[in-house]
Amino acid sequence: MPAEFEVSACSRRCEATGSVLLSEQHYYSVLLSDGGGVVRRDYAEGAWDGPPAECIGWWRSRLPAKSEPEKTLAPKDVLLGLFVALADEPEEADLRCVLGLLLVRRKHLKQVGARGDSSGYEVLCLEDPTGEKHELAMVTPTTERVGRIQERLTDLVYSGGMGAAPTTPLRRAA
């Protein structure tokens with residue numbers, strides 16, 4: 001099971017220049033390992049020289065306009081219902097995988113096991129709060145699908161404005 005760690009919210013200050021990041025401004029964030037924990041650093045778009053070699057991951061975001069409402073996650077039962085419904089849509093297996101991992105991360109589903117399947121995927125055995133069991137094939141989205149999945153999940157599971165949600169998918173450092 002992947003390690004869990006907390007990532008802080010945007011500092012609203014450029015790490016390189018010390019300048020304040022303004023509403024509607026694009027910026028970059030990086031995650032760095034720091035003595036067993038993870039730290040986040042934010043950079044104004046003009047000060048961004050690319051991700052440092054030692055970063056865990058990075059993404060591009062935009063600070064919301066002051067008038068934009070903050071996004072809120074849909075209720076747990078809505079998320080679980082969507083997760084169950086996507087089981088009947090094999091063409092959405094990668095979307096369901098990302099949603100399932102979100103539900104595990106938010107502790108709405110609990111991993112109770114894992115196994116391999118005949119197609120070569122790892123399958124997580126999950127349990128919801130009612131005790132019902134679910135299987136989740138660990139289908140990795142293609143590079144072309146990552147942005148579309150992010151848009152679909154934002155449309156499906158959030159309400160309100162964009163908030164400071166990433167506008168470019170998280171990328172792992174090479």
Side-chain angles (χ1 to χ4, degrees), residues 1-10 28-34 36-40 50-62 70-174:
M1 180 112 186
E4 297 225 1
F5 51 85
E6 293 296 319
V7 176
S8 63
C10 177
Y28 290 86
S29 297
V30 298
L31 297 179
L32 302 163
S33 181
D34 180 40
V38 175
V39 294
R40 174 182 176 156
E54 69 278 9
C55 82
I56 298 169
W58 62 275
W59 64 93
R60 181 178 182 248
S61 296
R62 181 184 63 85
E70 192 171 317
K71 284 197 155 293
T72 56
L73 194 60
K76 174 175 64 172
D77 58 331
V78 171
L79 297 174
L80 289 169
L82 176 60
F83 175 76
V84 170
L86 286 171
D88 296 329
E89 299 184 35
E91 68 281 358
E92 298 288 0
D94 52 0
L95 173 67
R96 184 173 187 267
C97 180
V98 174
L99 177 59
L101 293 174
L102 172 72
L103 292 168
V104 169
R105 172 92 171 127
R106 298 192 63 83
K107 299 185 179 6
H108 298 321
L109 290 173
K110 177 174 70 173
Q111 182 178 351
V112 293
R115 63 175 179 78
D117 75 0
S118 60
S119 60
Y121 290 117
E122 180 182 12
V123 176
L124 299 184
C125 302
L126 306 173
E127 184 176 273
D128 68 26
T130 68
E132 187 174 343
K133 304 281 194 255
H134 306 274
E135 291 193 337
L136 177 63
M138 297 303 295
V139 178
T140 304
T142 64
T143 304
E144 297 79 30
R145 286 271 298 160
V146 169
R148 179 69 184 124
I149 288 171
Q150 184 175 9
E151 289 171 14
R152 292 256 342 265
L153 276 178
T154 298
D155 291 344
L156 291 169
V157 304
Y158 285 96
S159 64
M162 265 308 280
T167 57
T168 302
L170 176 67
R171 295 181 177 92
R172 273 204 158 298

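Taken to the nearest 0.5 Å, the CZ atom of R115 stands 4.0 Å off from the CD atom of E135. Note: L153 CG to L99 CG = 6.0 Å, rounded to the nearest 0.5 Å. The CD atom of Q111 lies 9.5 Å from the CG atom of L101; values are rounded to the nearest 0.5 Å.
Annotation: side chain to side chain donor-acceptor pair (under 3.5 Å) contacts of D77 (sequence neighbours excluded): none. Legend: residues meeting side chain to side chain donor-acceptor pair (under 3.5 Å) with T142, ordered by chain and number and at least two apart, are E144. Taking the salt bridge (charged side-chain N to carboxylate O under 4.0 Å, His left out) definition, one finds that R148 meets it with E151, sequence neighbours left out. Applying the side chain to side chain donor-acceptor pair (under 3.5 Å) test to H134 and every residue at least two apart in sequence or in another chain returns D128. Listed by chain and number, the residues in a side chain to side chain donor-acceptor pair (under 3.5 Å) with E127 are K133 (sequence neighbours excluded). Residues forming a side chain to side chain contact (heavy atoms under 4.5 Å, CB included) with V30 (at least two apart in sequence, or on another chain): L32, R41, Y43, W48, P52, C55, W58.
Across all non-hydrogen atoms, the minimal contact from L136 to C97 is CD1-CA, 3.5 Å. In this structure, S33 and I56 approach most closely via the heavy-atom pair N-CD1, 3.7 Å. The shortest heavy-atom contact between E122 and A114 is OE2-CB, 3.6 Å. Taking all atoms of both residues into account, the shortest heavy-atom contact from A93 to V139 is CB-CG2, 3.9 Å.
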Could you pull out all donor-acceptor pairs under 3.5 Å where a side-chain atom in residues 82-92 meets a protein atom, sequence neighbours excluded?
residue: E92; atom: OE1; partner: R145; partner atom: NH2; Å: 3.2
residue: E92; atom: OE1; partner: R152; partner atom: NH1; Å: 3.2
residue: E92; atom: OE2; partner: R152; partner atom: NH1; Å: 2.8

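Identified under the ring-ring contact (aromatic ring centres under 6.0 Å, His included) test for residues 87-114, with sequence neighbours left out: none.
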Item to check | Working for side-chain contact (heavy atoms from CB on, under 4.5 Å), residues L109 and L80 | outcome: CA-CA 8 Å; L109 290 173; L80 289 169; 3.7 Å; yes
